[in-house]
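Each chain gets a letter, A, B and so on, in the order its sequence line appears, and its residues count up from 1.
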2 protein chains.
Amino acid sequence: MEFKEAKNKFVQTWGALGSQWGINKTMAQIHALLMISNEPVSMEDIMEELQISRGNTSMNLKALMDWGIVYKEYKAGERREFFTAEKDLDELAVKIARERSKREIKPALKILKEVSTIDVSNSAEEKHFVDQTSKLYDFVLKADNMLDKMTEFNENWLGRLVLKIMK
Amino acid sequence: MEFKEAKNKFVQTWGALGSQWGINKTMAQIHALLMISNEPVSMEDIMEELQISRGNTSMNLKALMDWGIVYKEYKAGERREFFTAEKDLDELAVKIARERSKREIKPALKILKEVSTIDVSNSAEEKHFVDQTSKLYDFVLKADNMLDKMTEFNENWLGRLVLKIMK
DNA sequence: ATAAACTTTCATTTATTTTTGAAAGTTTAA
DNA sequence: TTAAACTTTCAAAAATAAATGAAAGTTTAT
């Protein structure tokens with residue numbers, strides 16, 4: 001396989017993986033493209049490479065920056081903007097985890113808490129509901145806290161050092 | 001909040017969470033409904049409760065059974081089929097993790113391996129590509145193995161015992 | 001202050017995914 | 001073996017999500 005083919009295959013695969021996990025295909029593809037670029041890429045280049053419109057590119061770059069996994073860069077003497085991706089994979093994982101937790105898990109937890117704390121009659125059905133949703137609340141909370149712990153650990157310099165050494 | 005309202009809120013929330021993670025809404029809603037049911041539920045009941053068609057119900061129940069998180073049950077003297085969800089959350093997590101690994105992660109890993117092992121010229125661009133995709137391969141492999149280890153641990157009876165005691 | 005170079009926004013179009021429902025298939029009881 | 005009771009399939013329709021592109025907005029150089 002030659003480079004160009006491999007590059008394309010990687011971008012397509014990353015895009016497909018993204019959509020299976022609820023991230024829009026183009027967003028994942030742009031991210032893939034930036035990840036494997038050794039230098040900042042302009043909007044024009046992204047449009048050209050992925051054959052997508054300016055608007056689409058702009059919106060998805062914005063989304064990637066909101067997730068904190070793509071950065072804007074300015075080149076001296078260049079008017080236009082360039083973009084780079086976070087390339088440290090631990091950092092990337094932490095940022096994605098934190099963002100999904102904030103946007104999706106935390107709000108779901110709030111609802112789980114609400115519905116699991118209703119007053120119920122003593123019908124078996126209602127008791128089971130409270131029991132099961134409470135368990136679910138505890139489970140999700142525990143899993144989410146684990147993520148938090150991991151991200152904290154990754155932010156703390158000693159932790160980072162340990163990780164680096166372990167690699 | 002009264003029971004019926006809480007139940008509905010839970011089903012809607014679980015459905016929304018599902019779609020954010022690439023699982024179709026109805027599939028997640030049916031699963032939610034079965035999770036909080038203290039007894040097996042018929043197809044008719046699911047259709048009624050979620051206001052969806054017979055075909056939709058049938059297909060999504062099949063998908064849930066393929067994932068191994070919903071089971072068919074037969075009641076003595078009843079012609080129609082009933083359904084129950086896996087209610088043990090550790091078991092549920094393991095099954096979802098295993099299935100997503102098999103369907104999505106493993107195939108992606110295969111591609112990552114392919115593209116990260118191409119022969120490249122010594123251009124910085126191509127070197128960076130191989131370097132970055134190799135790192136990604138290692139990273140994803142490590143994460144996926146971690147899941148495998150967790151599922152193995154969960155299947156082994158001693159591990160289960162330890163988990164039970166820890167709870 | 002003006003205009004060129006560039007980016008963002010958002011109403012409309014397009015593509016993708018999900019749902020429907022009727023026909024085909026299956027199982028069971030008599 | 002027949003028919004009633006039930007489930008599955010799948011082509012077509014509907015709903016949802018994503019992409020386009022032109023107009024509006026912004027920044028920078030002169």
Q. Picking from D:dT7, C:dT7, D:dA19, which would you name as closest to the side chain of A:R80?
A. C:dT7
Q: In plain terms, say whether B:E125 and A:K7 are close enough for a salt bridge, that is, a side-chain N and a carboxylate O under 4.0 Å apart.
A: yes
Q) Got a sec? Which of residues 35-46 of chain A come in under 4.0 Å of DNA chain D, heavy atoms? A) none
Q: Check the distance between D:dA17's P and A:I23's CD1 and give it to me in whole angstrom.
A: 15 Å
Q: Look at B:E81 together with B:K75 and state whether they make a salt bridge at an N to O cut-off of under 4.0 Å.
A: no
Q: Provide the closest heavy-atom pair for B:A85 versus B:H31 in the form atom of the first, atom of the second, distance.
A: CB-CD2, 4.1 Å
Q: Establish, with yes or no, whether the OP1 or OP2 oxygen of C:dT18 is under 4.0 angstrom from a side-chain nitrogen or oxygen of B:T26.
A: no
Q. Below 3.5 Å, does any donor atom in the side chain of A:R79 face an acceptor in the base of D:dT27, or the other way round?
A. yes
Q. Rounded to whole angstroms, how far apart are NZ on B:K62 and P on C:dT19?
A. 17 Å
Q.
On the nucleotide D:dC6, are OP1 or OP2 found under 4.0 Å from the side-chain N or O atoms that B:K72 carries?
A. no
**Q.** Whole-Å gap separating C1' (C:dG21) and CD (B:Q51)
**A.** 15 Å
(Q) So, OP1 or OP2 of C:dT18: does either fall under 4.0 Å of a side-chain N or O from B:N60? (A) no
Q. Contact class for A:N56 (heavy atom, under 4.0 Å): base, sugar-phosphate, or nothing?
A. base
(Q) Just the rounded figure in Å: distance from P of C:dC6 to CD of A:E78. (A) 8 Å
Q) Side-chain N or O of B:N24 less than 4.0 angstrom from OP1 or OP2 on D:dT16? A) no
Q: Tell me whether the guanidinium CZ or amine NZ of B:R100 lies under 6.0 angstrom from the six-membered ring centre of B:W21 and within 45° of its axis.
A: no
Q: Assign A:K25 to base, sugar-phosphate, or nothing according to its heavy-atom contacts below 4.0 angstrom with the strands shown.
A: nothing
**Q.** For atom CE of A:M47 and atom C1' of D:dA19, their distance in whole Å
**A.** 12 Å
Q) Given atom CG of B:L50 and atom P of C:dT20, what is their separation to the nearest angstrom? A) 10 Å
Q.
I'd like to know if A:D131 pairs up with A:K135 as an ion pair, taking the criterion as any Lys NZ or Arg NE/NH1/NH2 lying under 4.0 Å from an Asp or Glu carboxylate oxygen.
A. yes
Q: Just compare C:dT20, C:dT9, D:dT7 and give me whichever is closest to any side-chain atom of B:I52.
A: C:dT20
(Q) I want to verify a distance call: between D:dT8, C:dT7, D:dT20, whose nearest atom is closest to the A:E81 side chain? (A) C:dT7
Q) Testing B:R54, B:R80, B:R79 for salt bridge (Lys or Arg N to Asp or Glu O under 4.0 Å) with B:E44, which one passes? A) B:R54
Q: Could you tell me whether the side chain of A:K95 and the main chain of A:G68 form a donor-acceptor pair under 3.5 Å?
A: yes
**Q.** Residue closer to the 5' end of DNA chain C, B:M27 versus A:M59 (nearest nucleotide)
**A.** A:M59
Q) Which residue lies toward the 5' end of DNA chain C, B:G55 or A:F83, if each is placed at its nearest nucleotide? A) A:F83
